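The structure under discussion appears below in the form of structure tokens.
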4 protein chains.
Amino acid sequence: MKRKDDRKVGQIFQAALKLVVSKGLSGITMGDISKAAGIATGTLYVYFKSKDELINALFAACRENSVAHSFKGYDPAQPYKVGFKHVWLNILRYRLHNFEEAVFMEQCYHSPFITPETREKASRLAAPYNELLERGKKEQLLKPVDTGLLITFLVGSMNELVKQTHYHGTTLTRTRINTTFDMCWDALKS
Amino acid sequence: MKRKDDRKVGQIFQAALKLVVSKGLSGITMGDISKAAGIATGTLYVYFKSKDELINALFAACRENSVAHSFKGYDPAQPYKVGFKHVWLNILRYRLHNFEEAVFMEQCYHSPFITPETREKASRLAAPYNELLERGKKEQLLKPVDTGLLITFLVGSMNELVKQTHYHGTTLTRTRINTTFDMCWDALKS
Amino acid sequence: MKRKDDRKVGQIFQAALKLVVSKGLSGITMGDISKAAGIATGTLYVYFKSKDELINALFAACRENSVAHSFKGYDPAQPYKVGFKHVWLNILRYRLHNFEEAVFMEQCYHSPFITPETREKASRLAAPYNELLERGKKEQLLKPVDTGLLITFLVGSMNELVKQTHYHGTTLTRTRINTTFDMCWDALKS
Amino acid sequence: MKRKDDRKVGQIFQAALKLVVSKGLSGITMGDISKAAGIATGTLYVYFKSKDELINALFAACRENSVAHSFKGYDPAQPYKVGFKHVWLNILRYRLHNFEEAVFMEQCYHSPFITPETREKASRLAAPYNELLERGKKEQLLKPVDTGLLITFLVGSMNELVKQTHYHGTTLTRTRINTTFDMCWDALKS
DNA sequence: CATGAATGAGATTTCATTCAT
DNA sequence: AATGAATGAAATCTCATTCAT
């Protein structure tokens with residue numbers, strides 16, 4: 001992706017995300033995206049040389065954004081559970097406020113659009129999460145099981161919670177958030 | 001005359017599911033499906049009057065299948081946790097053995113294919129799960145929180161576990177299964 | 001066309017005619033025809049070996065019917081104008097009561113369905129009309145112009161009259177009929 | 001950017017008309033039209049969003065053209081019969097030179113293509129003809145009968161004449177034209 | 001004979017991409 | 001760089017015809 005006008009790339013990404021939520025990854029066309037972004041179809045090709053590249057770039061951008069936000073304000077000096085909850089809340093908030101990204105990522109998971117390279121690049125970004133959970137196990141606060149399994153639980157429950165919240169219009173009160181966190185913690189704690 | 005062959009619908013469904021896993025929902029065409037099902041493209045239209053209808057029918061069938069399997073062998077007379085684990089294992093096994101269906105369902109969720117009617121029909125099938133969790137709350141074995149939240153944990157963690165297992169080729173040993181069940185139970189138990 | 005069941009051929013013809021009026025010659029399919037005739041699609045091919053043959057057979061049948069009715073009750077011994085009006089009325093009545101046939105014939109005129117053979121067979125049936133007009137010229141009652149031109153006038157005005165009557169729901173009173181006949185006669189009379 | 005070329009619509013219309021004459025309305029395909037117009041099939045959809053819309057637009061255009069030509073050079077100040085013959089000749093000439101349009105219109109009449117809106121729009125354009133005949137009745141030159149009936153004769157005889165001329169290769173000599181006009185006038189005059 | 005499911009060629013339509021302006 | 005008309009390959013869908021029952 002070239003660097004002609006970064007605002008335009010943002011418009012394109014926003015347009016694509018909105019469309020994926022409403023029409024699904026399989027339903028969006030370059031025409032739709034350009035229209036929603038307020039530019040001409042041909043202009044898309046100034047920024048991305050194909051639909052594939054556009055989707056991959058968006059996937060990578062979402063992933064980076066998401067990880068970056070997760071650890072904002074995380075202070076390793078704090079007690080483990082405090083830091084863990086901080087990250088957990090970061091993730092929750094990020095996904096709720098950027099629901100479109102979450103949907104897009106899920107749709108991408110089984111699509112032929114995402115290349116192995118992009119996929120691998122994404123999984124490399126998971127390192128900080130691994131470290132966080134390893135630390136918990138080292139401090140004997142988390143169950144001494146495979147880290148992958150712990151992440152699975154963390155991610156899976158979070159994903160579903162965000163979807164539920166979004167679709168059923170449940171407002172996430174402080175109490176509900178705490179309840180949910182407690183459930184997650186109960187699952188992971190040793 | 002040639003009689004409409006009921007097995008043919010099954011072949012079509014199998015073909016479509018296989019293709020969604022390998023090429024994504026956006027990648028499958030009626031031509032691909034018919035070829036994979038070993039019939040002529042036109043024949044698809046004998047059974048479904050459009051691609052839309054085919055996808056909706058498959059979606060509904062998957063959902064029904066899945067629910068039906070979940071409660072196979074479930075005996076309400078047994079102690080709660082025993083029955084709960086039985087259902088949990090049913091779901092896990094079903095999803096692992098029918099991974100294609102899970103992928104398909106996920107891809108469908110945000111697609112323009114699934115009509116509101118299909119969606120509603122699907123959600124009506126969730127009733128048995130609700131009842132199972134309500135019973136747990138009544139027996140004071142599960143946390144006295146919103147049933148939706150309990151299901152969220154159940155489903156979310158399971159989904160992610162299945163995906164992980166499938167993609168990372170982890171073999172689900174008896175131990176690993178029990179560990180995972182314990183995490184789930186810990187999250188839900190009061 | 002074979003002779004399996006003449007009533008069935010009639011049903012097929014009726015169905016085809018009805019459909020041509022409502023959907024046009026270009027809009028009818030063998031499926032439509034069979035459904036409207038209350039038989040299976042395959043059965044059509046017992047009676048006609050192709051769609052082309054069906055259309056041609058129907059065309060020929062309509063044409064024969066129409067000519068046969070035109071001269072019913074015509075008595076050459078009567079004075080010319082009386083006989084002429086008799087035929088004119090026959091044609092008018094026939095077309096009004098068999099409007100579907102008229103529409104079908106018109107649609108066929110410029111269609112590639114009708115083969116040259118069918119077309120020629122049809123024009124051979126025009127002989128009686130020619131004779132009728134020749135006689136009028138011989139008796140010096142009609143204008144001494146090309147017979148084709150006279151027929152053109154006769155047919156053209158009749159066609160349009162029938163369409164008008166049918167579509168605008170005008171009821172053809174005896175007076176209106178007489179007025180119309182007079183106009184036609186005025187055009188042709190010497 | 002490439003500018004939409006207004007002549008392209010004309011090319012498309014010409015191509016469609018030519019094809020309807022040679023293959024009938026049921027025989028033309030979007031592929032044929034585009035090929036005959038010298039453009040890619042997809043380009044047709046830049047100008048018309050479906051085959052239906054193309055046919056309707058062509059129908060409307062033909063109708064407008066035809067009416068516009070009919071009154072070219074008509075001067076209400078001239079004696080009635082002179083003006084009437086002028087219009088009559090205009091129509092005749094137009095139909096002979098634009099035979100394809102006439103065929104197309106006829107085929108369209110009973111086709112599922114033409115929408116009620118298009119049909120109504122077309123009939124509204126008949127007003128000038130009505131006025132012309134009303135004037136003739138007011139001047140007591142035409143029979144005091146329903147205007148619709150007068151138009152019926154005018155149009156019906158003309159249509160058939162044009163068809164005859166076209167198909168039987170009769171050359172329309174000045175004499176033949178005058179003869180025909182006289183027949184028409186005799187039919188209508190009081 | 002009658003049936004209607006099955007076929008596949010061909011029709012309509014879509015859409016990623018290119019290109020002239 | 002930006003535009004959107006033009007393209008044509010590929011997708012969806014239709015339908016005359018065949019064929020197994």
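Nothing here was measured: the structure is a model prediction, and the numbers come from that model. Chain letters run A, B, ... following the sequence lines, proteins first and then strands; every chain starts at 1.
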Verify side chain to side chain contact (heavy atoms under 4.5 Å, CB included) between B:Lys121 and B:Glu64, making sure each step is shown before the conclusion.
-> CA-CA 10 Å; B:Lys121 198 170 143 197; B:Glu64 272 166 47; 4.0 Å; yes
Distance in angstrom units between D:Lys49 NZ and E:dT13 P, rounded | 11 Å
Just jot down the ring-ring contact (aromatic ring centres under 6.0 Å, His included) partners of D:Tyr45, sequence neighbours excluded, or say none.
-> none
Sequence neighbours left out, what passes salt bridge (Lys or Arg N to Asp or Glu O under 4.0 Å) with D:Glu53? Give chain and number order.
-> D:Lys49
Who are the side chain to side chain donor-acceptor pair (under 3.5 Å) partners of A:Glu101, not counting sequence neighbours?
-> A:Tyr94
Taking only residues two or more places apart in sequence or in another chain, which ones pass side-chain contact (heavy atoms from CB on, under 4.5 Å) with B:Ser22?
-> B:Leu19
Euclidean distance, atom CZ of residue C:Phe48 to atom C1' of F:dT17 [Å, nearest integer] | 16 Å
Establish, with yes or no, whether the OP1 or OP2 oxygen of F:dA6 is under 4.0 angstrom from a side-chain nitrogen or oxygen of D:Lys8.
-> yes
Determine: side-chain N/O of C:Thr43 to OP1/OP2 of E:dT3, distance under 4.0 Å, yes or no.
-> yes
Less than 3.5 Å apart, which donor and acceptor atoms pair up between the side chains of residues 102-109 of chain B and the rest of the protein, not counting sequence neighbours?
from	atom 1	to	atom 2	distance (Å)
B:Glu106	OE1	B:Lys163	NZ	3.3
B:Gln107	OE1	B:Leu25	N	3.4
B:Gln107	NE2	A:Gln107	O	3.0

Of all the nucleotides listed (E:dT17, E:dT3, F:dA5), which has the minimum atom distance to the side chain of C:Ala40?
-> E:dT3
DNA chain F: 5'-proximal contact among C:Ser50 and A:Gly42 (nearest heavy atom) = A:Gly42
Throw together a table of side-chain donor-acceptor distances under 3.5 angstrom for residues 30-43 of chain C, partners on residues two or more places apart or in other chains.
from	atom 1	to	atom 2	distance (Å)
C:Asp32	OD2	C:Lys23	NZ	3.1
C:Asp32	OD2	C:Thr29	OG1	3.3
C:Ser34	OG	C:Met30	O	3.3
C:Ser34	OG	C:Gly31	O	2.9
C:Ser34	OG	C:Thr41	OG1	3.4
C:Thr43	OG1	C:Ala40	O	3.4

DNA chain E contacts made by residues 22-39 of chain C, counting heavy atoms under 4.0 Å = C:Ile39
Return the 5'-most residue of the pair D:Leu44, B:Asp52 with respect to DNA chain F, ranking by each residue's nearest nucleotide.
-> D:Leu44
Which string of ( ) [ ] | and . matches DNA chain E, if you list each base 5' to 3' and count Watson-Crick or G-U pairs only when both distances are under 3.5 Å?
-> .||||||||||||||||||||
Whole-Å gap separating C1' (F:dA6) and CD (D:Gln11) = 13 Å
Can you sort out the partners of C:Arg63 under side chain to side chain donor-acceptor pair (under 3.5 Å), two or more places apart, ordered by chain and number?
-> none
Using whole Å, report how far NZ of D:Lys51 lies from P of E:dG10.
-> 16 Å
